[in-house]
Amino acid sequence: MTMLRVDALDAHHGLLHAVRDVSLEVAEGEILALIGANGAGKTTLLRAIAGAHPPTRGRVLFDGADITMLPAHRRVRKGLALVPEGRRLFSGLTVEENLLVAGAAARPGPWNASTVLEVFPLLRERRHALAANLSGGEQQAAAIGRALMTNPQLLLLDEVSLGLAPVAVETLYRSLQLLIERSTTIVIVEQDLDRALKVSSRIVCLLEGRITLEGRSRDITRNEVTGAYFGLRGAKFAEARVS
Ligand code: ATP
């Protein structure tokens with residue numbers, strides 16, 4: 001079943017046309033990796049889906065309902081949660097308090113502080129630590145945990161591994177694997193192409209705001225991805241959209 005549909009979306013920053021005529025679909029249980037070079041429009045697209053950036057044209061449909069005009073907090077209530085680049089925790093609160101604040105007005109569902117700490121064992125040990133004192137990897141895990149506390153149907157993850165040490169990225173992805181096994185639907189922005197291909201069921205590549213490649217991760221070669229990523233000719237659409 002289609003959970004998210006983005007229809008002919010455009011988004012601007014002033015005169016800059018950051019997202020151009022983007023249409024995509026995400027089915028329930030799918031892991032869609034959004035890839036593309038710096039400035040390709042990934043963050044703007046994710047923010048437009050979450051209601052944090054107003055599109056200039058097009059529509060966003062979630063569970064069949066048109067949510068294009070809905071403010072971000074109402075989208076969270078519908079089950080859409082964004083983990084933004086930069087984590088943005090309450091630094092004066094502990095890990096557990098950060099989770100509980102997010103869970104205060106949560107939708108009913110499987111996620112609570114104890115199930116989140118089950119999936120992120122590194123947070124379990126640090127749950128009484130102030131967010132300000134966490135390592136980058138721990139902060140990222142807490143930011144994802146905080147989004148899970150709202151019991152989302154769809155989790156939007158922006159650049160989870162940005163600025164993290166390789167060992168922290170490994171630990172984080174082990175936790176994400178547990179989320180995937182619990183059939184959470186995820187759209188993930190990931191700069192590391194190999195990791196994006198490995199973790200996702202489908203890939204969408206953006207170049208200068210437009211989709212240049214889209215298809216099932218298992219059917220796409222690394223060459224096709226790098227071609228689409230850098231805008232080299234010959235990169236082809238690997239597969240039709242999900243229906
Ligand atoms: P990155 O990996 O660097 O975050 P991205 O693919 O997520 O890149 P965006 O951050 O969406 O790309 O940026 C798309 C374009 O919009 C870029 O040219 C960027 O410089 C521009 N842009 C992004 N945010 C703003 C802003 N707040 N004001 C002006 N221009 C912006």
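Values below: every heavy atom of this structure, side chains too, minus hydrogens, waters and symmetry copies. Treat the numbers as computed from the prediction; the structure is a model and nothing was measured.
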List the steps, then state whether side-chain contact (heavy atoms from CB on, under 4.5 Å) holds for Leu99 with Asn112. CA-CA 8 Å; Leu99 296 180; Asn112 52 49; over 6 Å; no
ILVMFWY cluster, Val6 and Leu80 together (side-chain gap under 4.5 Å): yes
According to salt bridge (charged side-chain N to carboxylate O under 4.0 Å, His left out), who are the partners of Asp63, at least two apart in sequence or on a separate chain? none
Give me the one residue out of Val26, Ile180, Thr184 that meets side-chain contact (heavy atoms from CB on, under 4.5 Å) with Ile31. Ile180
State yes or no: do Tyr173 and Val119 share one hydrophobic cluster built from I, L, V, M, F, W and Y residues joined by side-chain heavy-atom distances below 4.5 Å, directly or via other members? yes
For Glu208, I'd like to know if atom CD has over 12 heavy atoms of other residues, nucleotides or ligands within 6.0 Å. no
Go through the structure and list residues passing salt bridge (charged side-chain N to carboxylate O under 4.0 Å, His left out) with Glu118, not counting sequence neighbours. Arg182
Is there a side-chain contact (heavy atoms from CB on, under 4.5 Å) between Leu4 and Leu61? Walk through the geometry before answering. CA-CA 6 Å; Leu4 175 76; Leu61 290 103; over 6 Å; no
Check whether Leu134 and Leu157 end up in the same hydrophobic cluster, where Ile, Leu, Val, Met, Phe, Trp and Tyr are linked by side-chain heavy atoms less than 4.5 Å apart. yes
Is there a path of hydrophobic side-chain contacts, each under 4.5 Å between heavy atoms, that joins Trp111 and Leu123? yes
Are Leu164 and Ile186 linked, directly or through other ILVMFWY residues, by side chains that come within less than 4.5 angstrom of each other? yes
Does one side chain, of Tyr229 or Glu224, offer a donor that lies under 3.5 Å from an acceptor on the other? no
Are Asp21 and Arg57 close enough for a salt bridge, meaning some N to O gap below 4.0 Å? yes
Check the side chains of Gln153 and Thr185 for a donor-acceptor pair under 3.5 angstrom, ignoring hydrogens and angles. no
Nearest 0.5 angstrom please: Leu206 CG to Leu213 CG, how far? 10.5 Å
Spatial distance of atom CG (Leu32) from atom OG (Ser201) [nearest 0.5 Å]: 7.5 Å
Charged N to carboxylate O under 4.0 angstrom, Arg126 versus Glu138? yes
So OG1 of Thr212 and CZ of Phe230: to nearest 0.5 Å the spacing works out to 11.5 Å
When you compare the side chains of His128 and Thr94, does any donor N or O come within less than 3.5 Å of an acceptor on the partner? no
Could you please spell out the steps behind the side-chain contact (heavy atoms from CB on, under 4.5 Å) verdict for Leu176 and Ile144? CA-CA 9 Å; Leu176 286 182; Ile144 298 170; 4.3 Å; yes
Quick one: pull up CD in Glu159 and CD in Gln191 and give me the separation to the nearest 0.5 Å. 4.5 Å
Arg20: what forms a side-chain hydrogen bond (donor to acceptor under 3.5 Å, both in side chains) with it, not counting sequence neighbours? none
Across all chains, not counting sequence neighbours, the side-chain hydrogen bond (donor to acceptor under 3.5 Å, both in side chains) partners of Arg75 are none
Pair Leu34-Ile188, side-chain contact (heavy atoms from CB on, under 4.5 Å): steps then yes or no: CA-CA 6 Å; Leu34 208 52; Ile188 185 168; over 6 Å; no
Cut-off 3.5 Å, side chains only: do Glu85 and Thr43 have a donor facing an acceptor? yes
Using the salt bridge (charged side-chain N to carboxylate O under 4.0 Å, His left out) criterion, which residues pair with Arg222? Sequence neighbours excluded. Asp194
Report the residues that fulfil salt bridge (charged side-chain N to carboxylate O under 4.0 Å, His left out) with Arg127, sequence neighbours left out, ordered by chain and then residue number. Glu96
Take a 6.0 Å sphere around CZ of Phe90 and say whether it holds more than 12 heavy atoms from other residues, nucleotides or ligands. no
